[in-house]
Structures are given as C-alpha cells and as structure tokens.
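This report concerns only the one structure given below.
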Amino acid sequence: MTTTPEATAAHRGEPDTAAEILARARALAPVLRERADEIERNRKLPADVVELLRGTGVFRMGSAREWGGPELTSMDQTRVVEALAYGDASAAWCGAIGSLTGPIAEFLDADVVKEVFPRQDMITAGVLVPAGHAERVPGGFLLTGRWSFGSGVDHSDWVTSGAFVFQDGEPYASPDGSNPHESRQFLVPREQVELIDNWHTTGLCGTGSCDYTITDVFVPENRTYTFYEPRGRLSPLSTPDAFMRMLCGVALGVTRAALDHAREIATTRIDRMTGTAWSDSFRVQVALAECEAAFHATRSGVYGGMTRLWEVLEAGGEPTPEERAASPLSWLHAYRSARSIVNRLYDLLQTWSINKSSPMDRWLRDTTTMCQNLPAQDVVLESVGAYLLGGTPKFRISLGITT
Amino acid sequence: MTTTPEATAAHRGEPDTAAEILARARALAPVLRERADEIERNRKLPADVVELLRGTGVFRMGSAREWGGPELTSMDQTRVVEALAYGDASAAWCGAIGSLTGPIAEFLDADVVKEVFPRQDMITAGVLVPAGHAERVPGGFLLTGRWSFGSGVDHSDWVTSGAFVFQDGEPYASPDGSNPHESRQFLVPREQVELIDNWHTTGLCGTGSCDYTITDVFVPENRTYTFYEPRGRLSPLSTPDAFMRMLCGVALGVTRAALDHAREIATTRIDRMTGTAWSDSFRVQVALAECEAAFHATRSGVYGGMTRLWEVLEAGGEPTPEERAASPLSWLHAYRSARSIVNRLYDLLQTWSINKSSPMDRWLRDTTTMCQNLPAQDVVLESVGAYLLGGTPKFRISLGITT
Amino acid sequence: MTNQLRGDDDMTLTAQAQAPGTAAETLARAEALAPVLRERAAEIEQHRKLPADVVELLRGTGVFRMCWGREWGGLELTSAEQTRVVEALAYGDASAAWCAVIGANTGIYSNFIDQATAKEMFPRTDMITAGLLQPSGRAERVPGGYRLTGRWPFGSGIDHADWVTSGGFVFEDGKPYASPDGSNPHESRQFMVPREQVELIDNWHTTGLCGSGSCDYTITDVFVPQEHTYSFGVVHGRPSPLAQPDAFTRAMCGVPLGVARAALDHAREIATSRIDRMTGVAWADSFRAQVTLAECEADFNAARAGVYTAMTRQWEVLEAGGTLDDLTPDERAASPLSWLHAFRTARAIVNRLYDLLQTWSINKSSPMDRWLRDTTTMCQHLIAQDRILQSAGAYLVGGQPEFGISLGIV
Amino acid sequence: MTNQLRGDDDMTLTAQAQAPGTAAETLARAEALAPVLRERAAEIEQHRKLPADVVELLRGTGVFRMCWGREWGGLELTSAEQTRVVEALAYGDASAAWCAVIGANTGIYSNFIDQATAKEMFPRTDMITAGLLQPSGRAERVPGGYRLTGRWPFGSGIDHADWVTSGGFVFEDGKPYASPDGSNPHESRQFMVPREQVELIDNWHTTGLCGSGSCDYTITDVFVPQEHTYSFGVVHGRPSPLAQPDAFTRAMCGVPLGVARAALDHAREIATSRIDRMTGVAWADSFRAQVTLAECEADFNAARAGVYTAMTRQWEVLEAGGTLDDLTPDERAASPLSWLHAFRTARAIVNRLYDLLQTWSINKSSPMDRWLRDTTTMCQHLIAQDRILQSAGAYLVGGQPEFGISLGIV
C-alpha cells in the first residue's frame, strides 16, 4: 500500500495546509494573550504552551512536502507568526524559532533527516553565530562552547550551534582555500546541552533565550552542515536568509494587537478634564491614523518584498540588487516601526499604559527588546548600504548571499 | 591730549557698546525683512545694505578695545546676529562673517593691524579651509588657488584664505617637525581676488557665497597667520572656535522670526472647512508649543554653553571636556533645530507657506541650506563623539583644540 | 542602472504619433520621456507652467487617455498601472507629472457627466481638464443651468487645459439652494467651463512644483448648462472601479514616489564613486552613507508597497462589482493613509539625502535642490495634510471625518 | 569621571546626623548618596516602594527641607538649586528621586495653609507630604470642616508620608458647592489628612518608576478641619517665589535630567573601552558610537539649559517681588514647555542609548533596562503629556488652556 506523506499527516490529524495552520494559530492567540503574564513570569514557555503551539502546526510549517510537511511559503509562515504574536510575542518568537527544523533538514543528508527528525513537528533551536570550538576527530567533531541568546532551547529536541573548526588545536582552513578558518553548524541532542539561567530582560521575557554550554560532545560529521551547501531540493527556503524571513511576523503581530487595543479603547473613552469623547479628539484621531499609516506601509513592505523574492527564487532566477536589499530592509523596518508605533500608542493611552495589567506595558518592553536582535540592528542598514554601493557588506547572510 | 580709542569711536558716532549695536541691529531688522526678496534676487548683498549693516556696528563688534573696538562677548555678538537674522538670514550671515576682522587682528602683529585695518568696521571675508597653494618666496609667499563658498567676499576689504605651504614646489614641513605639511592663512586685498559667479542655491541666496580665485599674488610674510599663534592679547575671542560661535545666531534669529510669524497668523485664522478658530485648534496649539519648547531649549543650550565657556576662558582656565564639547554641539543643534522647527511651521501654515510672498518659503530654504554648512554637518557630531570617547576628532578646531 | 522605474523598452519618442494601446506601452513611453523631462526641468521651473511642447510630449505618452474606458477608445488602466505611469514621469520632473495626473483625471470626471454630453464635450480621449474641485465659486440657478462666478486657487495645469472643472455653491434667487431631498442645506456642484471662458491670474510663485502653473483663476458670470455640471455622488457612466468619488486622487502619490526614487538613484550613483576628501575613505565604505541610503530605501520600499497593496486590494473588490463598503475599515482607511504616507515619506527621504550630499545639494545645478522644494510643496496639498489623518482616524474610531471624500464617503 | 553631577565633596554618609545648612551641602549629600541608591535600585524596584531606611537616607540629605523658608528652619533653596538636588538623586535612582521631590513639596504646600496650623502640623521641616492634587474625592461640608471620602490614584511615596494631601470637590447637603463669590460653580480644595487615616491599595505594578509606590489610596468619611484644607489660589505664608501655584512642579524635571545624565555617562564609559567583535574597531573610533553619543549630548545640553534658563529667569522676576504676569508670554510658557521637553528628551536619549548598546541593554543587570522603563513611565505623568503643549500653545495664541495651572494660571 502506498501512502503519500501528506495523506499520513492528514490521517494523524496534523494540520497540513497553510489555511489550517493559520486558523489554528488565530484560534490559539486569545489563549496566549490570557497566559502572557504567566509566560513572562516563567521566563520560558510553560510545557503545555509548547504543546499548544505544536498543535497549531507552527513547528512543522517549514517542513518540505517530501518529508510529509506542509511546506508553507515564507509569506504564509509570516502570517502564522503574526497570528501567534497577536496573542503573545514570546510564544510567537519560540514558535518561529522552533519552525526552523524544516529548513535545516534541507542542509542534511536524507538518511540523517530520517534519523534525527522522525516527526515533522520536532523543535530545533540554538544559536547560529559561531561561538563554539569544534575539534576534528575521527568521524566527526568534539564540540565545546558557550552560546548566548538560545531562545526556546529548553523545550527543543535538537540544538543547532555555530562553531569554528580546529584540527590538532589549530584553525582549520577550507581545503579549497576559500576560507582561512572554517565554521559549521552542529546538531546536538537537547540532553547534551546545559542551560544557564540568565534570561532576565526588559522584554520578550518568556522566550527563555538564556546562554547554554556544550562541553566535549562528539558530533558525527553528518550531523554538521553549512548554509552554503544545501543537500535537499533547492527551494526559496534553502537560501540562508530564509531563517530570518518570518521572524518579523512577531513585530507585525504585536503592532496589530496594540493598534486594535488602542482603537477599542479610543472608541469609548471620554477625556475626564474636558469631557470630550476620544473618538472626537484630534489628538487621538491623528495619532491612531499616523500609526495605521506607518503599520500599513511597513506590513505591505514586508509582504511585497517577500512575495517578489519568493517568485524570483521559485522560478530559479537571480534577484536584482534592489530585490535582495528589500528583504532585510523590510525586516528591520518591521521591528523598528513596531516599536515606534507601540511607543506612540503607549503615550496615547498615557497612565492607562503603565500598569502591568495593561498589555501596552508588555508590548512596549517586547518591541524594545526585539529591536536589539540582529535583524533590527544598524549592521543590517550598514550591510545593505554597502551592498548597494559596491562596498563590503558585513552581514551577508541577511542578503542571502552565499558566494 | 590723550584720547582713548573708545572715546574716539564714540566721538565719530560709531556704536561702541553691545546695547547700542544690538539696538541698531533690531532697528534694522524690519528694513532687511522688506528687502529680503531683493537681496535674494541680487544673489549678494546690495551695496547700500552693506552700508546699513556697517551702520549697526556689526562689523566692528569683535574688535578689541585696544584698537578702538567695542569687543563684544560672544554672547552679545550672537544676540546681534540673531537680531539681524530676524530681518534677513543672508544679511545676518554676511554680517557675522564680516565681523571676523576683529578676531583676525588678534593673530597679526600690531604694526600690520594698523596698516591693514585703519578702521575697525572694515570687512574681512574668505575661506579658511586650506584649498590654495602658497609657494615660499623671499619675504613671503606666492599664493594661487580656488576657494568655494566665499560668503560676502564681493563687498569685503580683505580676503583671508587657507593654503598649504610649498617650498621649491615641495610640501613644506614645520621646522619643529610638528606638521609634515604646513598650512597658513593669507590676507589679500579684495582687488587681487577674482570672483566666479556661481552662487545659485536653494537658500541663503543673498550671501554671494561664490567661488573665488587668487592667482600668483605675492603675500608678505606678516600678512599671513595661523590660528595656533595668537599675537594679540589672549582673550576668549582668540581661540580658533571663536570664529564660528556667533554664526548660529543666524539660525536662532530666523527661527524666532518664523515662530512669531506663525503665532501671529494663528491668532486670527479660521479653518475654512470646519469653522474652528486656529487659536482653539489642538493641531495648531500643540504644533506651536512643541516648536516653542524645542526653540527655548535650543537657544538656552547655545547661550548656556557659550556663557560657561566664556567664563572659564576669561578666567584663564581650562574648560572641562563637557564644556568644550557643549559648544560645537550647541551650534549644530541650533542649525538643525531651526530647520526642523521651520519645516514644522511651514506645514502648520500649509498652502499659506508655499507662495514666494510668504517668508516661510525663504526661511525653509535658508535653514535647509544653513544645515549644509560645516558647523551643522555630521562631522561635528563625529568629532565631538570621538573627543569624548578618546578617539581622534577630525574637526578639532570646532572644539577649540589647538594642540 | 539603479533606476527601478526604467524598462528595457527603447522606443523612440518619434514613434509616438501612434497612440499607445496598452498599459505597458504607456509606461514604456513615460519611462522614455523621463530623461527628456529631467533635462528640461530647469526650463519648466522657470516657465512656471508647462511649455506647450512639453504638454504635447506628455500627450504622446498616452497619459491623458489612461483613465478613459475602453468604450471611449481610452486605455482604462487600473489605478496601480496609472500610478506607475505617474511615477515614471515624476522620475523625470515632478511638475510635469503633477500636471499629467491632473489632466488624466478627465476620464474619471466623464463617469459623472451625462454620457451623451460627455461625448460632445470630449471628442478625443486625450483632452485635458483642470481646475479646483473644492467649492469656491457661486452658481446662481437660471433657466437651463447656472451663472457661475468666482475665484479659485491652485488651478494646476489650467493654462493648457481644454475644460476647467470648478466647485461652486448653488444659489437660487441669491439664497443658498438646499437639495430637494433635504440631504444638503446648501448644495454644491462641479461646473465644467471651456478654458477660453476662464481668466488666469499670474500668481504661481512657490517654493516648489514651480512648473505646475497652479495659479488662481476667475470665472465671471459664465452660463453653464445644467448638463455641464455634475456631482461625485451620481454616476452616469458604466460602473467601474474608476467611477468612484475617491478615484481622482489615487494616482497622485505616484508623483512623490517617482521623485523619491529619482533622488535615491541620484544619491546612490554619487555615493558609489565619491571619496571623502578629509579622510580618503570611499563613501561606499562609509557607515554614514551606507546607513543613510539603506534607511531611505527601507522607508521607500514600505511606503511604496503600502500604496500598491491598498490600491490593488481596493481594485480587486471594486472590479468584482463590490463597493468601498465591502472593504474592511482597515482596508478602506489604508488608501488615503497610504497616499499621505507616500507624500510625507518621499519628502523625508529627499531631506535626508539632501543632507547626505551636503554642499553638493545646495546648488541649483543639483536636482536635489528642486526635489527638496518640490516634495516640500506637494506635502502642503490637501492629500498630505493632517486633515487626512484626522478623517481616517475619526472614521476608524467612530468620530466625524472632516474630509470624508478621501475615504470615498460623499 | 564623566559624572557632571558629582562634586569633589567626599563627605561620608555618617556625617549626616547633622542637618545640612546650605544648598551646596544638600547637593553634596545628594551626590554622595547617588551611588548608594544606584546599588539598591534593583531592591527598591522589587520592593515597589522605598524601603524605610532609604527614606531615612533621603531625609539625611536635607532634600525634604529644601522648600521650607528660613523662618521655619528650612533651607529655602531656589527652584534651580532644588532641581540640581533632584538631578543628583535621580543619577542614583529615579524612584527615590521621584519620592524625594514629591515629599520636598511639603514646604511649598505650607505657604497655602494657615500658618499657625502649619506650625502645629509640621513640627519638623523634614516631614513628608504625599498625595494626589487633582480633585478625585468628595468633601461634604460639616460644621468646622469637611467629611472627605474618595479614591485617588498615583499616591507616590504615600506609604512613608506623614500627611496626605488630596484634591476633592466640595459638596453641601449632597449638592455641588459653588464659591460664594460666584467664581467657581463647583469648588474644589486640597485636604490634608494624617497618613494613619488613609488606606493604601497595593496596585502599583508598572513598566517603570516601580519603586515610587504610587499606588491608589482611599479615604473614607474622614473629618478634615477647615484649617487643614487649602487652595493654591490663596497664599497664607510669606510671599516668595515658592508661594506660587506652579512651584510644586518645577523641580520634578530634575528626575528625567538626572536619569539621562546617568545613562549618558554609562554609555560613554562603555563606549570608551568596547571593541566591535565583528570588525575589531574600537567604539571610540566608530562613527556610529561617536555620532549617537554626540547627538544625545547635544539634545541633553539643550534640554537642560532650557530648564535652568527658564527657571532662573522666573526666579529673578519673582524674587524681585514680581508675579508670573510680569514675565513675557514666551518666558511664562517656557517653564512648563521646558519641563515637558526635559521629560521627553530624556526618554528619547535613553531609547537611543539603549539601542546603541544593543543586547548589552536588555539584561536586567544593565541599568539601561530600568532607565528605559523609568523614563517611559514618567513621560505618562501629566507634566509630560500633550495637554501641557495644548495649554501653552493655547495661552500663546489666545485659546483656552486645558491645564492652566502649568502656567501658574489658577
């Protein structure tokens, strides 16, 4: 009897379409909103929240059809992340990070994928920046290091970590001379990773993005990979920037939530000092409209650029410089606009914002913290500017440049 | 019979106090406002406007008491420039530039001063950036070059220009080894300078800040100087940053003028579409108040920093790093705030701003152009930042650093 | 090279004796005309209105035909296609593009006029209508029509127009005329008057958009037949996405978008080759240039995507036979907000790039000077005023919009 | 090293058994206390109100005595001197400084209270008054005074106060009580109630200023003798620059200024030694760090100079026996505008520096986290709201200020 993987997924009742995953994400959002305070205090996702996320299909949304996954486009993935972030930013952040399992599979050999990812809703987390030390040994590497900002590592199945490669204690150069000191990604079972309980932050408090260490763990050669050598089918998800594309959905989802919250309040509030309804107040009308204008442009920029890039990559084409540049610029713009809109709305609601019982407090802190994440940093602007001007981009992966 | 220079000046009816010069500048402002359009079209100050400026005493305000000048403090000088700029920015700009005669005299030998500046209301203009070539010859230099942005050169008596020194065609190093390629300032009579009619700009159109050339002109040794070797009495005006201090009065004066203009209009206008008086409109009230808040802070920052620096320098003290840094930062802040306030007010008045008959049009263009002047450029921020962080400032003269 | 608005089409200007038949062809012609407009921008500015031959060059692109339905022999471009054409022209010169989009609205006005009359008034679909829609004149009811008198400001492109459309309040026996159905205590309408019956006042001396000739004009006691008057509340033509009261403001934001793109390309071209004199560092390697340009690109991409996203969604709904009421409130508000955002973002970008280039910007020989003044001036148009924010905000929270027509609320 | 607020005085904390006698000494003690407050900031935040010994440390600086006149044994600092003390404390911790400036206003309130009564109520000049001035309660006239009932929000520092001052509307026989002179259809007054008669509601859980304990409080049917009530319209004390209705808001802006200075010094200290990991460039040589820090310094200098310039000018006029009406309109508006500008500028600076330090800011162990939350929260106080802009703007153009008291208009 032949069974297609999709049929299998459907048989198991797992969500296997964009529409279904998106619907489940939207349905989960109010639950996440209610539990946001608890998630924050827990400083990582409670175990049952992880299972609620798993139930939406978010962790499998990037898995390829041939593995039985639903293989959502980046646009659909972003919509799912937005929907979750409408409920809670930390949960959405971990949802997005955990969904990298599918894309990572594209960089592993097929037999390894079958071995490490028997299911498509397993969670891979970790830090890609090469902060570790990997000594070449027979059959693989001995990995040691400490990594910062390991969002969602605690509830993950596999941890992927970047490390520089050494041989006999010396930096290992690529055999073809292309790289004087090679770095790779290393896949390690969660059990072999130690967490350091140091995630105490302004916002995104529930992501559990603490430091972690790996000490002298043997990693077989075939559980290592680089983003420059996809081994699966080439797709718009197998370019190195794909990992960051949908993450800005967190910023968009939070902003939409804040806008809706402020609009709902503005519809009924009366100014105590003057007796004017907020719905008739120029201050309120203009602040809300400016925020809507900025949000609409920002969100359109994200989906417009992403759609165009997807079309070109899917057709096997080479994006123009402007098309490449538009992608990381739109992420950065999403994070920064989200924060500036949330700040503006926080001020609009004045003392109604400051209490912890108002979601504005959390959204302010979440968006501020998000803006410190690499895709929102000045280095993105610097790199894209350099790319467009013919200079040397520092952060090339954001541009999807692999050569 | 002994006559003090002050008595002489007073005898000739020339303004010799800050109060008198300021009063005359204020009295001239409405005249300048009326002639602003003509000044702009002329692309340099009409000859009689130069004489009107001379009559206020602005050109002599920086001259030392021992030369018969009124020796205004930088704060009083700035107030005079503000008052003139309330009338017209281009006239005030040329007034400020022309007033450098006094400070320059502090860098020349006394007998040379008597020779070149027989009167204290003579005008020196020119470009300090070393853009020329000065070949050492017996008794002096042969000067050749082309300089950009020579504001007010046309109506000047003397032109001062920066140039690199050469000997036998080779870069000339300071004998003490401190400077591998020396540069100096060269004082040349206006008649030996050729103007190039290329001042066609967005704003500050009436300053005549065109390029000029000097070709193979002999400059005696004693008509050259450097800002690192004051020869007159040391005073707060003999540090190299003194030349730029009062110039930001142009920005402040224009902004005050724009604020008063907008306030006057707002007091009487009725919104056609809604019938609301502008004086009762939240939009108008808040825009004006925000602009007043920004202006008040900016102006206080200028005078606060300048007063403190003056006190320290006058007492022969060494300013703290913060006191040094505050000075160029306050100039830059004045230019940039002026422009942002004028932009905001231009928008407040909407289509009433766009017509050439509204002064908002000129002020918008003037403040935009002013912001491209060196003291308003990013290089000031960069240099002050470097200075405060222990890096290497590029634009040290703005910090009054001579060593 | 970095001109995103340029196509590959190398059609020559001489080929334009033949009217264009498609959106692509119109866009290609607009793109081909842009460098010509750029070269003539200083002349256009000094002329304070479009030179006659520039009007003909615009006519040759087909821009004036783009809003006319196919049944009239028009091009019937979508709002998004129209905006792209306007962007392409503004890449060359803002004043020319401004007059183009104003004149192109003729096809939209025709939807609100008695169709037989419109066929008489507009024997060709490349004729030009200009004028001010806000009611500033006085129209006395007389048998068969009105006698119109008034003075209107901001008549962009009126000098080269065939017809002038002007808003006026209606009076009867010298008293304000109320709508018979009681809906309006003082009715106002649009009045179409042949250009020859309009007097221009030469008072267009402005910071920017100097070449648009948006001077005041007067009409004095001119008889306007009833059928030459119209109201945006009543559609006479075939129902279409362009037979909507907000249709004539949609493509205007192509002007700031085209100018911003032009400024971005200009600054990038300069930054690619310039070396900082003081330090010897290439601008291509300078944090300042990299970050400024990238920030401006980011803002531009978002503003432009916002415009086309809202426009495309609106068109989908209208083309399927829906009305503006079938949009969600967010979608409906997104249209005017995206226009305003495009105007204001374009201006902010041009300001930042002006500063990036510093003293290289201030000279009249640099296009930065003109773009700064153009974008500043266009931001004073109603479409970019706070009133648009007020109206959209009020609409979203249940207050009273001051200017409902921006939301298609007549 | 870069702490502009630190003097050279190395006075030890133990020396403070003796009350300070001069502005300089008070400032020196505040400066000496700042590092202690900084160390305890996390604890203060978690406590959600000032720990009792921190209150005593503040008392030891003399800050609570600074507004009392010399004839009371107070320090009688000028507004500018007061603000410097508040800055110095805020350099250590914003919540502590906030409670300090609130409590210090006791000396100002005393000017509006019957002087004999005030002497009974305040046997010492380092006692603390807290409470909410906006009328939120209900005071029924009864023989000899009022019976006060109500719930007030934002009672900063109330837990450690000796007296609580609360605004309330006056009623007589259950009906709104109008001023006998017809000036006010519904009178409101301030009511002084001993701390013991006030119930606190433990609801101060906020983004920032967490340690200020600004919780809601209730007063239920408490008798307040007539002489324990007052109004800012009637001065009972010696006329002085502090016997003015705007006096109690003047020094508050020392809190944002002190925090901004602290953040600037923190960022500068870090930037002086940090090396960019990716490129190996020292931050001291990085355009990004240089320009960000310099811009923030420029903004800070201007905002701070604006505050002291307006305050000094106002004091000159008032000390010479003038009133606020003797100021020019610009000078009068400059006071509240300079306060608002200080709050908003401080917050903008902290936001920019937070971003400058990126992931080094987000951890709770970095003071940037607290300063971000503190400045965001304090900007929601009335003193930094748009209403202040509205009021000053209305005053300048002849409209109706919503909150006249910010301009000293009672």
Side-chain angles (χ1 to χ4, degrees), chain A residues 256 259-260 262-268 277-305 308 320-322 325-326 328-334 336-337 378-393, chain C residues 1-2 4 264 268 271-273 282-310 312 329-331 333-342 344-345 386-402:
Chain A
R256 185 70 258 163
L259 279 163
D260 288 352
R263 258 165 67 182
E264 195 185 324
I265 287 179
T267 306
T268 57
W278 277 36
S279 60
D280 288 329
S281 143
F282 183 88
R283 182 180 92 88
V284 175
Q285 293 164 342
V286 166
L288 275 173
E290 275 188 339
C291 290
E292 287 283 351
F295 178 71
H296 173 75
T298 302
R299 187 170 187 272
S300 300
V302 166
Y303 284 100
R308 178 67 191 146
T320 66
E322 285 79 13
L329 289 179
S330 74
W331 311 335
L332 174 134
H333 200 64
R336 295 193 174 184
S337 295
D378 284 346
V379 70
V380 171
L381 293 171
E382 196 182 355
S383 301
V384 174
Y387 169 70
L388 291 174
L389 294 176
T392 309
Chain C
M1 177 191 74
T2 56
Q4 292 189 333
L264 280 163
R268 246 165 84 184
T272 302
S273 57
W283 280 36
D285 291 328
S286 132
F287 182 88
R288 177 175 174 272
Q290 291 167 346
V291 167
T292 303
L293 276 168
E295 273 186 338
C296 290
E297 285 283 345
D299 287 354
F300 177 77
N301 288 342
R304 188 169 187 268
V307 163
Y308 285 103
T309 300
T312 304
D330 289 29
E331 287 170 346
S335 276
L337 290 177
S338 71
W339 307 333
L340 173 137
H341 197 66
R344 294 191 172 183
T345 303
D386 285 346
R387 211 180 293 278
I388 298 296
L389 293 171
Q390 187 281 328
S391 300
Y395 166 71
L396 290 174
V397 297
Q400 185 61 42
E402 286 177 14

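Keep in mind that this is a model prediction, so the values were computed, not measured. Convention: sequence-line order gives letters A, B, ...; per-chain numbering from 1. Just so you know, these numbers use all the heavy atoms, side chains as well, and skip hydrogens, waters and symmetry mates.
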When the 4.5 angstrom heavy-atom criterion is applied to Leu396(C) and chain A, the contacting part is both

When rounded to the nearest 0.5 Å, the distance separating CD of Gln390(C) from CG of Leu288(A) is 12.0 Å

Shortest non-hydrogen pair, Ala386(A) vs Gln290(C), comes out as CB-NE2, 3.2 Å

The reported gap from CD in Glu297(C) to CG in Leu381(A) (rounded to nearest 0.5 angstrom) is 11.0 Å

Under 4.5 Å to a heavy atom of chain A? For Ala271(C) that would be both

Cut-off 4.5 Å, heavy atoms of chain C, and the answer for Arg256(A) is side chain

Residues Leu329(A) and Ala294(C): closest non-hydrogen pair is CD2-O, 3.6 Å

In short, His296(A) meets Gly306(C) closest at the heavy-atom pair NE2-O, 2.8 Å

One should read off an interatomic distance between Asn301(C) CG and Thr298(A) OG1, to the nearest 0.5 angstrom, of 11.0 Å

Cut-off 4.5 Å, heavy atoms of chain C, and the answer for Arg336(A) is side chain

If you tally heavy-atom pairs under 4.5 Å between each of Tyr395(C), Phe287(C), Tyr308(C) and chain A, the highest tally belongs to Phe287(C)

Nearest heavy-atom contact between Ala284(C) and Gly390(A) is CB-C, 4.4 Å

Bottom line for Arg344(C): the part with an atom under 4.5 Å from chain A's heavy atoms is side chain

Turns out that what part of Ala342(C) lies under 4.5 Å from chain A's heavy atoms comes down to neither

Scored by heavy-atom pairs under 4.5 Å with chain A, the best of Ala302(C), Ala305(C), Ala394(C) is Ala302(C)

Between the CG atom in Leu340(C) and the CD atom in Glu290(A), the distance rounded to the nearest 0.5 Å is 7.5 Å

dist Asp386(C):CG -> Gln285(A):CD (nearest 0.5 Å) comes out at 11.5 Å

One option among Leu293(C), Asp299(C), Asp285(C) has the most heavy-atom pairs under 4.5 Å with chain A, and it is Asp299(C)

Looking only at Gly305(A), Ala334(A), Ser300(A), Ala326(A), the option with the highest number of non-hydrogen pairs under 4.5 Å against chain C is Ser300(A)

Chain A shares the most heavy-atom pairs under 4.5 Å, among Ser273(C), Ala298(C), Gly399(C), with Ala298(C)

When the 4.5 angstrom heavy-atom criterion is applied to Thr267(A) and chain C, the contacting part is both

Residue from Ala303(C), Ser338(C), Ala310(C), Ala392(C) scoring the most non-hydrogen pairs under 4.5 Å with chain A is Ala310(C)

Rounded to the nearest 0.5 angstrom, the CZ-CG distance for Arg268(C) and Leu388(A) is 4.5 Å

